[in-house]
2 protein chains.
Amino acid sequence: MSNLVSVKFSTLSEDIAQQLSRAIVQGHIPQGSKISEAELAKQYGVSRGPLREAIVKLEGLGLVTRTANVGARVIELNIDDMLETFAMREALEGMAARLASEKMPEEEVTRLYHLLDEHQAYLDANHDEHYVQQGGNDDFHLRIIHASGNTKLIRLLTEELYAVIRMYRHHTADQRRDPRQALREHRAILDAIANHEGDLAELLMRRHISRASQLLKQAMEQCLVKP
Amino acid sequence: MSNLVSVKFSTLSEDIAQQLSRAIVQGHIPQGSKISEAELAKQYGVSRGPLREAIVKLEGLGLVTRTANVGARVIELNIDDMLETFAMREALEGMAARLASEKMPEEEVTRLYHLLDEHQAYLDANHDEHYVQQGGNDDFHLRIIHASGNTKLIRLLTEELYAVIRMYRHHTADQRRDPRQALREHRAILDAIANHEGDLAELLMRRHISRASQLLKQAMEQCLVKP
DNA sequence: TCAAGTTATATTGTCGACAATTTTTATTTA
DNA sequence: TAAATAAAAATTGTCGACAATATAACTTGA
């Protein structure tokens with residue numbers, strides 16, 4: 001069962017880490033399941049060395065937990081951890097919005113308004129259907145994060161936090177959110193950024209994420225009825 | 001040249017990672033220097049396997065940068081990166097202070113007031129000398145971070161960010177800060193937490209860190225005159 | 001003398017095998 | 001039968017050796 005296209009990285013370890021990350025985020029490797037080094041090594045056709053390096057990286061990304069002499073397990077999603085992650089996201093993306101208000105160039109602001117217009121058109125055409133996961137809702141947030149210009153902040157949010165955030169989304173299918181409400185909030189945030197109102201942009205972004213967190217919490221409470 | 005006490009962890013890799021981390025933060029391994037796997041392996045008396053794992057972990061902590069087929073280098077401290085790190089710290093510790101306002105138990109508030117009293121007494125007795133690095137100024141911040149109750153936030157701040165923050169302090173000896181001013185700010189923050197004023201606690205903590213950032217920036221500008 | 005190309009050296013990446021530890025299975029005993 | 005103990009199997013941790021790549025040293029030609 002070869003896993004999708006194996007985009008050749010310069011080193012096996014990076015390649016494996018990338019593939020494993022996707023497999024976990026998309027649920028191909030289920031939550032809480034054990035990561036067997038021997039098994040995965042055979043499956044990916046590599047030795048245990050690079051595989052172990054990949055696992056150590058995944059541990060750094062917070063996708064697996066490792067205990068000495070026992071091995072690695074995929075993290076288990078639960079509401080409390082999700083709320084913790086979103087609290088961090090609220091703080092960090094709020095800061096990103098503030099910084100973006102100072103640094104985002106005019107052209108990018110214009111492009112983002114266009115992006116929101118496209119979202120609007122999509123909703124009008126598809127009877128308020130959610131946009132497709134990838135590149136839709138996320139895109140707006142990622143663009144603002146990048147506009148912050150803070151490379152460490154960008155790395156942490158896009159490479160670490162968003163991995164587990166996407167994982168939550170994948171595992172609670174529909175987050176039952178009103179897309180038009182989200183779009184309105186996006187527009188308000190962008191307005192604040194366009195006007196260089198850092199305080200307001202941060203406030204609005206934090207509220208926006210806080211609301212998303214509450215909605216995701218409700219969705220999880222309904223979805224994950226404990227067996 | 002064996003490096004301090006080698007506290008035996010359950011696995012060599014963890015042990016080495018810990019020792020390397022300390023060596024880098026304390027400057028025993030200088031900034032920008034290359035990490036030679038063979039050399040370090042011989043020095044610590046282990047094989048290259050566990051050492052590589054340790055290096056991968058350090059990369060995750062942001063203490064070294066790795067490039068494929070070339071190796072790892074200790075990060076180089078500069079003002080821009082420091083400002084980026086402190087911007088993240090501002091956002092995250094601000095959130096920690098807010099959460100602490102809701103969750104910190106009464107007894108811990110009392111203990112923290114005692115801690116500040118001790119700091120005050122220390123300053124009175126030692127003619128405004130800075131407290132010793134370890135456990136002094138940091139302690140207050142760490143206690144608030146822990147009081148947030150957000151385990152992910154705690155891990156990120158204490159294990160990742162504070163590693164490089166301590167590195168900055170180590171490499172710019174004296175940060176030329178008025179300790180009494182810092183103490184006053186600490187007290188104001190604690191007051192807000194004691195009164196469960198989350199908004200205020202966050203605001204004060206962010207200002208406090210922002211000021212520290214500015215001062216450290218000035219110190220670095222004087223210290224690091226480019227050759 | 002300098003530049004480009006070539007060889008040699010050193011360093012990292014990968015592999016398979018062995019040691020140490022944990023988990024499972026089997027056995028014994030109350 | 002159940003708990004405790006002991007043996008066996010499986011899994012992780014560690015090691016040394018080889019392959020692939022990058023860096024250094026050297027040669028050659030203009």
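Reminder, nothing fancy here: chain letters follow the sequence lines and each chain counts from 1.
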>> Going by the rule side-chain hydrogen bond (donor to acceptor under 3.5 Å, both in side chains), which residues pair with B:Ser47 if we only count those two or more places apart in sequence or in a different chain?
In response: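 Result, side-chain hydrogen bond (donor to acceptor under 3.5 Å, both in side chains) vs B:Ser47: none returned.
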> In chain order, what residues pass the side-chain hydrogen bond (donor to acceptor under 3.5 Å, both in side chains) check against B:Ser148, with sequence neighbours excluded?
Replying inline: none
> What is the per-nucleotide protein-contact pattern of nucleotides 10-17 of chain C, from the 5' end, where B denotes a base atom under 4.0 Å from a protein heavy atom, S denotes such proximity for sugar-phosphate atoms only, and - denotes neither?
Replying inline: -SBBBB--
> Is a side-chain donor or acceptor of B:Tyr168 paired with a backbone partner of B:Met82 at a separation under 3.5 angstrom?
Replying inline: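 Yes.
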>> Parallel, tilted or perpendicular, judged at 30° and 60°: which one describes the rings of B:His186 and B:His141?
In response: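 Perpendicular: the ring planes of B:His186 and B:His141 meet at over 60°.
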> Given A:Arg206 and A:Glu93, is the salt bridge (Lys or Arg N to Asp or Glu O under 4.0 Å) satisfied, shown in steps?
Replying inline: CA-CA 7 Å; A:Arg206 284 178 67 153; A:Glu93 280 202 53; over 6 Å; no
